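Any value given below was found using the heavy atoms of this structure, including those in side chains, with hydrogens, waters and symmetry copies removed. On a predicted model such as this, the values are computed, not experimentally measured, just so you know.
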Amino acid sequence: MPTTKLLLSALLAASSLAACASDGSSSKPGGDDTVPPDDGDVPFTNGVSTLAGMDQAGYIDGPRAKAQFSDPVNVIYKDGVLYVADFDNGKLRAIDTDTHNTTTIISQPNFKRPFGLAFAPDGTLFVSTDNDPNGNHTLMSGSIWKVDVNAKTATVVATGIGRPRGMVVLSDGRIVASDYEHHVIEIVDPGTGKPTTIAGTWDSPGIADGAGAVAKFSTPYGMALRADGTLLVADYDNNRVRSVTLDGTTTTVAGGATAGFADGAPAAAQFNHPQGVSIADNGDVFVTDLGNFRVRRMSGGNVTTVAGDGKGGYIDNDNLLASEIYGLEGLSVTPDGSMLYVADGNRGEAVPYNRIRQVKLK
């Protein structure tokens, strides 16, 4: 997770709730037996709404009003199901977007700190974790797991590859991953587990466009694949969105030298620590702008604001620009661009945000 912490006001921090301990050892297959208040049973709006979760951290499967998460950091949508990287619970969860029911897909030893999520063209789901299969947690313990969502099993295909965050799967099955701790973009062969750096310089943060090792990133995070085969990367500490070809050629697409907030043409637009990236079938690009507490869209040669009023908080609202979101680490747009899902976690802070939000776009 980002090392930069964006805190709420002293009043909110003072009223934040301590996270509920959950080690997955409950007597219920889907979670623990604690029944929380009906914080999640709030009305849906025609704009930003709560899909699942509540202020209180915990681990409970079930209907919308009862489901609990503990710092959900990322989401990915496929065929009516939203998969959730439930970071502090160390589990992969799934929400049926029609019934709003939450279930657990992966809960197994040493599958801890999940973050990156990517579907292969054949429908196979890959998930990155910060821990290796032995439970080690270091700057080199990052692992990628192949998930069978029906059997509810996860098998490691690569480990000891740094700290992968953003991921996409290419048509040939190779996995492209952004290593946010080591500031590089890598291609990982799931057959051998071997990573190959294609852009950036290992452990050398900076900002430079160019080919291969000439290019530099500073905390590259979310990643998405364009229809033309190029990658879009949220370059978190550089406050930019970058484009990377598979031969490693890197260019800046949007954002500038300093953190800020400005809509408009990509060269004039400003971001403040962009983190998640998702692309609709029509090519619209959605970015979580963490420091600005907003979701942004890149479309038709312009950057616009989709949701959020610029304050970190929790407000569901018909008016997208009057809503408030806090975590904003990962997001996923439906292929038709009608709905956007946002992992609204707590950024690793002691604040009461453990929800999945949905943003109705059409």
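Between Asp86 and Pro114, every side-chain heavy-atom pair lies at or beyond the 4.5 Å cut-off. Residues Thr258 and Asn239 fail the side-chain proximity criterion, which asks for heavy atoms closer than 4.5 Å. The shortest side-chain heavy-atom distance between Phe87 and Phe115 falls under the 4.5 Å cut-off. In this structure, Asn292 and Thr305 have side chains that are not in contact, with every pair of non-hydrogen atoms separated by 4.5 Å or more. Between Met223 and Ile185, the closest side-chain pair of non-hydrogen atoms falls below 4.5 Å. Side-chain contact between Gln56 and Asn354 is absent, with no heavy atoms from C-beta onward closer than 4.5 Å. Inter-residue side-chain proximity for Ile207 and Ser218 is flagged as unmet; no heavy-atom pair is nearer than 4.5 Å. At least one side-chain heavy atom of Leu246 sits under 4.5 Å from a side-chain heavy atom of Leu231.
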Inset, instruction - Could you walk me through whether Tyr180 and Gln275 pass side chain to side chain contact (heavy atoms under 4.5 Å, CB included), step by step? - result: CA-CA 11 Å; Tyr180 86 113; Gln275 186 164 342; over 6 Å; no
Inset, instruction - Please report the C-alpha distance between Glu181 and Met140 in whole Å, then the side-chain angles of each, then the deciding distance to 0.1 Å, and finally whether the side chain to side chain contact (heavy atoms under 4.5 Å, CB included) criterion is met. - result: CA-CA 9 Å; Glu181 288 282 5; Met140 286 302 299; over 6 Å; no
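Atom CG of Asp55 is separated from atom OH of Tyr314 by 8.5 Å, given to the nearest 0.5 angstrom. In this structure, the separation between OG1 on Thr104 and CG on Asn89 is 8.0 Å, given to the nearest 0.5 Å. Taken from OG in Ser178 to NE2 in His183, the straight-line distance is 11.5 Å, to the nearest 0.5 Å. The line from CE of Met54 to CD1 of Ile60 is 7.0 Å long, rounded to the nearest 0.5 Å. For the atom pair Phe69 CZ and Asn346 CG, the distance stands at 13.5 Å (nearest 0.5 Å). Distance CD/Gln68 to OH/Tyr59: 11.5 Å, rounded to 0.5 Å.
By the side-chain contact (heavy atoms from CB on, under 4.5 Å) test, Pro63 pairs with Lys66, Asn101, sequence neighbours left out. In this view, Asp247 and Thr245, Thr249 satisfy the side-chain contact (heavy atoms from CB on, under 4.5 Å) rule, not counting sequence neighbours. By the side-chain contact (heavy atoms from CB on, under 4.5 Å) test, Asp172 is found to be paired with Leu170, Arg174, residues two or more places apart in sequence or in another chain being considered. The ring pair (Phe, Tyr, Trp, His ring centres under 6.0 Å) test applied to Tyr83 returns Phe119, not counting sequence neighbours. Remark: Thr201 pairs with no residue by the side chain to side chain donor-acceptor pair (under 3.5 Å) rule, at least two apart or across chains. Scanning for ring pair (Phe, Tyr, Trp, His ring centres under 6.0 Å) contacts around Phe286 gives an empty result, with sequence neighbours left out. With sequence neighbours excluded, the residues satisfying side chain to side chain donor-acceptor pair (under 3.5 Å) with Thr230 are Asp228. Among residues two or more places apart in sequence or in another chain, the salt bridge (Lys or Arg N to Asp or Glu O under 4.0 Å) test is passed with Arg294 by none. When the side-chain contact (heavy atoms from CB on, under 4.5 Å) test is applied to Lys360, the partners found at least two apart in sequence or on another chain are Asn46, Met339.
Under 3.5 Å, the side chains of Asp132 and Thr159 contain no donor-acceptor pair of N or O atoms. Judged purely by distance below 3.5 Å, without hydrogens or angles, the side chains of Asn136 and Ser141 never pair a donor atom with an acceptor atom. Side chains of Asp209 and Thr252: a donor-acceptor N/O pair is present below 3.5 angstrom, by distance only. Between Thr129 and Asn131, the side chains place no donor N or O within less than 3.5 Å of an acceptor N or O (distance only, hydrogens not considered).
The main-chain N or O of Phe44 is never found under 3.5 Å from a side-chain atom of Ser49 such that the two would form a donor-acceptor pair. A side-chain donor-acceptor contact under 3.5 Å links Ser332 to the backbone of Tyr77. In this structure, Arg355 contributes its side chain and Gly327 its backbone to no donor-acceptor pair below 3.5 Å. A donor-acceptor pair under 3.5 Å is formed between the side chain of His182 and the backbone N or O of Leu139. Judged purely by atom type and a 3.5 angstrom limit, Arg93 has no side-chain atom pairing as donor or acceptor with the backbone of Leu82. Judged by distance alone, the side chain of Arg347 and the main-chain N or O of Tyr326 form a donor-acceptor pair under 3.5 Å. The main-chain N or O of Asp316 is never found under 3.5 Å from a side-chain atom of Ser323 such that the two would form a donor-acceptor pair.
Residue Val253 is grouped with residue Val277 when hydrophobic side chains (ILVMFWY) are merged at heavy-atom distances under 4.5 angstrom, including chains of intermediate members.
Through direct or relayed side-chain contacts under 4.5 Å between Ile, Leu, Val, Met, Phe, Trp and Tyr, Ile315 connects to no other residue.
When Asn238, Asp235, Asp237, Asp289 are each tested for a side-chain hydrogen bond (donor to acceptor under 3.5 Å, both in side chains) with His273, only one passes: Asp237. Just one residue in the list Val295, Leu340, Asp344, Val75 forms a side chain to side chain contact (heavy atoms under 4.5 Å, CB included) with Arg357, and that residue is Asp344.
Atom NZ of Lys78 has more than 12 neighbouring heavy atoms from other residues, nucleotides or ligands inside a 6.0 Å radius.
Note on residues 210-227: no pairs pass salt bridge (Lys or Arg N to Asp or Glu O under 4.0 Å), not counting sequence neighbours. Residue pairs meeting the ring pair (Phe, Tyr, Trp, His ring centres under 6.0 Å) criterion with at least one member in residues 135-170, sequence neighbours excluded, are Phe111-Trp145.
Electrostatic pairing of Arg165 and Asp130 counts as a salt bridge here, judged by a charged N lying under 4.0 Å from a carboxylate O.
Across all non-hydrogen atoms, the minimal contact from Ala280 to Val333 is N-CG1, 3.5 Å.
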